[in-house]
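Everything on this sheet refers to the single structure shown next.
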Amino acid sequence: MASIVLKNKEEIELLRESALVVSKTLGMLASEIVPGITSLELDRLAETYIRDHGAEPGFLGLYDFPNTLCVSPNAQVVHGIPNNIPFEEGDIISIDCGAYKNGFYGDHAYTFQVGNIKSDIKKLLEITKASLYEGIKSFKEGNRIGDLGYAIQNYCEKEGYGVVRELVGHGLGKEMHEGPEIPNYGKRGRGKKFVNGMVLAIEPMINQGTHKIKQLKDGWSIMTEDGRPSAHFEHNVALIDGKPELLSTFQYIYDAIGISSIEENPFRKEPLKL
Ligand code: MG
Ligand code: MG
């Protein structure tokens, strides 16, 4: 993984712009996710939307990935390649999206539900998303990478869930994947110290069952080894004045599906102007 590159105020504003292109794209997709639609249809919508907003798809062609979105249903953890299989009521769909604008990348993810889902799967989504905020909370001056990983791991393992080990969060900037690696597991007090100007993509990938994964023959898709569902939520966060500040938002998604949430408030200096 590339080295750690600290960002100044101007660079963080550019990163925020790129992150918000992704946030808006996910918000646009949120109202399209219904039984019968396919991931390839969503992929085309997302590519057009990103280009219409003055950006480039961040994943398309990166490491030779063939599409704009990674779409990973149910037991797929991440890196699913869009296809022609229609979504069904009760599915969960993790969508990871990247955008490149003004020389900087945005990169975040949300796990959507298709219609109504079983209560145990709903709980997996809630706990995984809550663990993301536990991680963000610990991205502060004085803490280390191990503190963040511990916060996520401890929160999820208490529920009996499996924390994926092989895939991790990362620094974000002029490269999609910069240092440092940000594992979703760890020991308190271990690893590099967080410093102002770091911008991270924090992204717990949490399985209902075992933490073990396997890769499909397509060379991309990662699945849970036991076939049980997996969830993935990702935000882009900058360390400013010793505190975490969100650059991305799920608010466009919440507006699209009609829910209200105050979960992001602690990580903003001022309310979002959408
Ligand atoms: Mg991502
Ligand atoms: Mg990422």
Side-chain angles (χ1 to χ4, degrees), residues 1-5 7 15-16 18-30 39 42-43 46-47 49-50 55-73 76-82 92-101 104-112 125 128-129 131-133 135-136 139 145 148-149 152 163-185 198-206 213 220-222 230-239 244 246-250 252-253:
M1 188 163 291
S3 53
I4 299 172
V5 185
K7 281 82 186 178
L15 270 157
R16 190 192 307 274
S18 304
L20 288 177
V21 172
V22 177
S23 301
K24 288 176 192 167
T25 306
L26 292 175
M28 177 277 294
L29 294 173
S39 47
L42 296 184
D43 189 74
E47 180 173 354
Y49 188 90
I50 289 169
E56 299 282 322
F59 295 167
L60 185 65
L62 187 71
Y63 316 118
D64 291 327
F65 188 76
N67 290 88
T68 293
L69 301 176
C70 294
V71 184
S72 309
Q76 280 192 25
V77 180
V78 287
H79 298 172
I81 298 178
I92 55 167
I93 310 290
S94 298
I95 299 186
D96 198 347
C97 180
Y100 183 72
K101 188 176 182 181
F104 289 91
Y105 283 98
D107 166 29
H108 48 283
Y110 192 89
T111 302
F112 297 88
L125 300 190
T128 304
K129 182 149 67 69
S131 82
L132 167 60
Y133 292 107
I136 292 170
F139 178 37
I145 290 174
L148 191 161
I152 292 173
V163 176
V164 173
R165 303 293 200 274
E166 291 85 347
L167 300 144
V168 297
H170 50 93
L172 183 73
K174 290 184 176 167
E175 303 288 338
M176 172 74 75
H177 296 116
E178 296 184 352
E181 290 195 352
I182 304 295
N184 297 303
Y185 58 91
M198 274 186 172
V199 175
L200 302 183
I202 301 174
E203 49 178 319
M205 289 153 262
I206 306 299
I213 56 170
W220 280 104
S221 313
I222 305 286
S230 182
H232 179 211
F233 291 87
E234 178 177 17
H235 263 315
N236 301 147
V237 196
L239 191 62
L246 273 178
L247 304 181
S248 53
T249 179
F250 296 147
Y252 294 101
I253 296 171

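As the structure is a prediction and not an experimental result, all values here were calculated from the model. Counting convention: from 1, in listed order, for ligands and their atoms alike.
- The two residues V168 and R165 come nearest to each other via the heavy atoms CG1-O, 4.0 Å.
- The name of the N, O or S atom in E203 nearest to the Mg ion (ligand 2) is OE2.
- For the Mg ion (ligand 2), the N/O/S atoms of H170 include one lying under 2.8 Å.
- Residue E234 counts as close to the Mg ion (ligand 2), with an N, O or S atom under 2.8 Å.
- In summary, the aromatic rings of H177 and Y105 are positioned with their centroids too far apart to meet the 6.0 Å limit.
- Atom CG of L42 and atom OG1 of T25 lie 12.0 Å apart (nearest 0.5 Å).
- Between H108 and H235, the ring-plane angle classifies as tilted under the 30° and 60° cut-offs.
- Looking only at N/O/S atoms, D107 comes nearest to the Mg ion (ligand 1) through OD1.
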